[in-house]
Amino acid sequence: MFDTPQAQIGAALSVAVIAFALLKGDEPERTGSVAYGLAWFASLLIQGDGVGGGVSWGLAAVDLILLGVFSGLAWKSRRAWPAWASGLQSLVVMSHLLTFIDARPPLMAFYVVVNLASYGILVTLALGAWLAWRDRRAAGVE
């Protein structure tokens, strides 16, 4: 799982953004960071090492649930970042759908889409937490 430097850097970045959103964000950012962290942890437990090319129903279910959480946040929140996170997460779900309908995308393309969308979600989450923190500081609450 964390055997390469790239995986370790990605894990450290994910933990840092989740911690920042939990500490400095408001309720939507905290909910989004907890959902992202739980989905990340669940996907680490579900994924099979060395198994490639097949349909991973467990990962697809985790990604679909995360899309539901981000869509619910986008619907109920007045913030912009959940809409961006929902759009990026829908790319991940659509990548699973391509595998389900046997469109046979190259496996590397699947990994690139999933990883870039995940980093995009982390960027939107960090930006949302930073904006919430900045607004609270400007209002004198913090």
Side-chain angles (χ1 to χ4, degrees), residues 1-2 4 6-142:
M1 280 187 270
F2 302 115
T4 63
Q6 295 88 352
Q8 294 169 359
I9 291 170
L13 180 67
S14 297
V15 169
V17 169
I18 290 168
F20 177 70
L22 282 173
L23 293 174
K24 299 296 182 181
D26 287 337
E27 173 109 14
E29 289 80 19
R30 289 184 184 130
T31 303
S33 67
V34 167
Y36 185 86
L38 288 175
W40 179 56
F41 186 68
S43 67
L44 288 176
L45 293 176
I46 292 172
Q47 73 182 359
D49 289 331
V51 178
V55 176
S56 178
W57 296 102
L59 287 175
V62 168
D63 288 334
L64 193 60
I65 291 169
L66 188 59
L67 175 62
V69 170
F70 285 147
S71 298
L73 284 174
W75 184 26
K76 293 293 184 181
S77 175
R78 295 178 50 186
R79 318 262 166 129
W81 75 265
W84 285 96
S86 296
L88 290 166
Q89 187 63 27
S90 67
L91 286 174
V92 174
V93 171
M94 291 306 289
S95 296
H96 287 294
L97 184 63
L98 282 176
T99 308
F100 293 157
I101 62 173
D102 204 22
R104 299 205 189 266
L107 192 58
M108 188 55 72
F110 176 78
Y111 290 143
V112 167
V113 168
V114 170
N115 287 329
L116 287 179
S118 296
Y119 286 127
I121 291 170
L122 286 174
V123 168
T124 61
L125 182 60
L127 185 62
W130 180 75
L131 290 173
W133 180 40
R134 183 193 67 178
D135 292 344
R136 277 197 320 272
R137 283 184 42 210
V141 176
E142 188 171 310

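Residues take their numbers from the sequence shown, with the count starting at 1. Values below: every heavy atom of this structure, side chains too, minus hydrogens, waters and symmetry copies.
Note that CG of L127 is 12.5 Å distant from CG of L122, once rounded to the nearest 0.5 Å. Taken from CZ in F100 to CG in L98, the straight-line distance is 10.5 Å, to the nearest 0.5 Å. Note that CD1 of I9 is 9.5 Å distant from CG of L13, once rounded to the nearest 0.5 Å. In this structure, CG on L67 lies 11.0 Å from CG on L88, to the nearest 0.5 angstrom. The CG atom of N115 lies 10.5 Å from the CD atom of Q6; values are rounded to the nearest 0.5 Å.
Judged by distance alone, with hydrogens and angles left aside, the side-chain atoms of E29 form no donor-acceptor pair with the main-chain N or O of L125 at under 3.5 Å. The backbone N or O of F70 lies less than 3.5 Å from a partner atom in the side chain of S86, making a donor-acceptor pair. A donor-acceptor pair is defined here as one N or O able to donate and one able to accept, closer than 3.5 Å; such a pair exists between the side chain of S90 and the backbone of G87.
Using a 4.5 Å heavy-atom threshold, the side chains of Y36 and S118 count as touching. No side-chain heavy atom of L131 sits under 4.5 Å from any side-chain heavy atom of W81. Contact of the H96 side chain with the F110 side chain is registered, since non-hydrogen atoms from C-beta on lie closer than 4.5 Å.
In this structure R136 satisfies the salt bridge (Lys or Arg N to Asp or Glu O under 4.0 Å) test together with D26, E142, sequence neighbours excluded.
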Side chain to side chain contact (heavy atoms under 4.5 Å, CB included), that's the test. Do V93 and L97 meet it? Break it down for me. CA-CA 6 Å; V93 171; L97 184 63; 5.7 Å; no
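Closest non-hydrogen pair, I121 versus Q89, comes out as CD1-OE1, 3.2 Å. Here the closest heavy-atom approach between residue L22 and residue V34 is recorded as CD2-CG2, 3.7 Å.
Within 6.0 Å of the CZ atom in F41, the count of heavy atoms belonging to other residues, nucleotides or ligands does not exceed 12.
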